[in-house]
Amino acid sequence: MQTNRDKAAGKIPLANFDPQFVQIDKRQACAILGMPSTSFDRARKEDSRFPQPIVQGTSKNAPLRFILAEIYEYSAQLIADSREKRGAA
């Protein structure tokens, strides 16, 4: 089910913005990386290369945002790792 916020976000042409300055939420980062939320959380804790989030607020449950360019870079690293493993096999 899409909320009004989701519908509005879908209308913004992200191609007009520099990915270095675009902040995305966890749901969007999961979609880009092609991983479920649980795998995303595990990668955040266990992989030192994972992009550091931007915490919006001071509460313990403050929303996290990620820089789009950093998510793209991390995705490229995962792809390179996968290809390297396949080539070594």
Side-chain angles (χ1 to χ4, degrees):
M1 181 175 109
Q2 278 193 330
T3 64
N4 287 338
R5 190 169 118 185
D6 291 335
K7 291 176 187 173
K11 294 179 183 176
I12 299 172
L14 290 179
N16 295 342
F17 299 98
D18 186 339
Q20 291 181 318
F21 302 105
V22 175
Q23 297 178 24
I24 60 172
D25 62 24
K26 176 182 171 181
R27 181 180 48 82
Q28 293 167 316
C30 285
I32 290 168
L33 294 171
M35 60 175 60
S37 181
T38 53
S39 297
F40 184 88
D41 291 336
R42 187 178 315 114
R44 275 190 58 221
K45 291 176 185 171
E46 297 175 1
D47 192 344
S48 62
R49 301 173 304 170
F50 200 90
Q52 293 298 309
I54 297 168
V55 181
Q56 294 194 324
T58 56
S59 76
K60 195 172 188 175
N61 295 328
L64 300 178
R65 299 284 185 251
F66 297 88
I67 303 298
L68 182 57
E70 293 175 2
I71 294 296
Y72 285 160
E73 183 180 325
Y74 182 70
S75 179
Q77 291 172 354
L78 293 177
I79 292 167
D81 290 351
S82 175
R83 289 182 176 162
E84 197 172 285
K85 285 179 186 174
R86 261 196 272 152

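This chain uses plain numbering: 1 for the first residue, then up along the sequence.
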### Message
Show the nearest heavy-atom pair for residues A29 and F40, with the distance to one decimal.
### Response
CB-CE1, 3.6 Å
### Query
If you round to the nearest 0.5 Å, how far is CD1 of I71 from CD of Q23?
12.0 Å
### Task
Check side-chain hydrogen bond (donor to acceptor under 3.5 Å, both in side chains) between Q77 and all other residues, then give those that pass, not counting sequence neighbours.
none
### Query
Looking at K26, R42, R27, which one forms a side chain to side chain contact (heavy atoms under 4.5 Å, CB included) with S37?
K26
### Task
Would you kindly confirm whether M35 and I67 end up in one hydrophobic cluster when ILVMFWY residues are joined by side chain heavy atoms under 4.5 Å apart?
no
#### Entry: Atom pair CG/CZ of L64 and R44 - distance to nearest 0.5 Å
5.0 Å
### Task
Indicate, with yes or no, if L68 and V55 share a hydrophobic cluster defined by side-chain heavy-atom contacts under 4.5 Å among Ile, Leu, Val, Met, Phe, Trp and Tyr.
yes
### From CG (D47) to CG (D81), nearest 0.5 Å
8.0 Å
### Query
Are L78 and R49 side-chain neighbours, meaning at least one heavy-atom pair lies under 4.5 Å?
yes
### Message
Checking S39 now: which residues fulfil side-chain hydrogen bond (donor to acceptor under 3.5 Å, both in side chains) with it, not counting sequence neighbours?
### Response
none
### Query
CG/D25 to CZ/R65 distance, rounded to the nearest 0.5 angstrom?
5.5 Å
#### Entry: Chi angles and distances behind the ring pair (Phe, Tyr, Trp, His ring centres under 6.0 Å) call for F66, Y74
CA-CA 11 Å; F66 297 88; Y74 182 70; over 10 Å; no
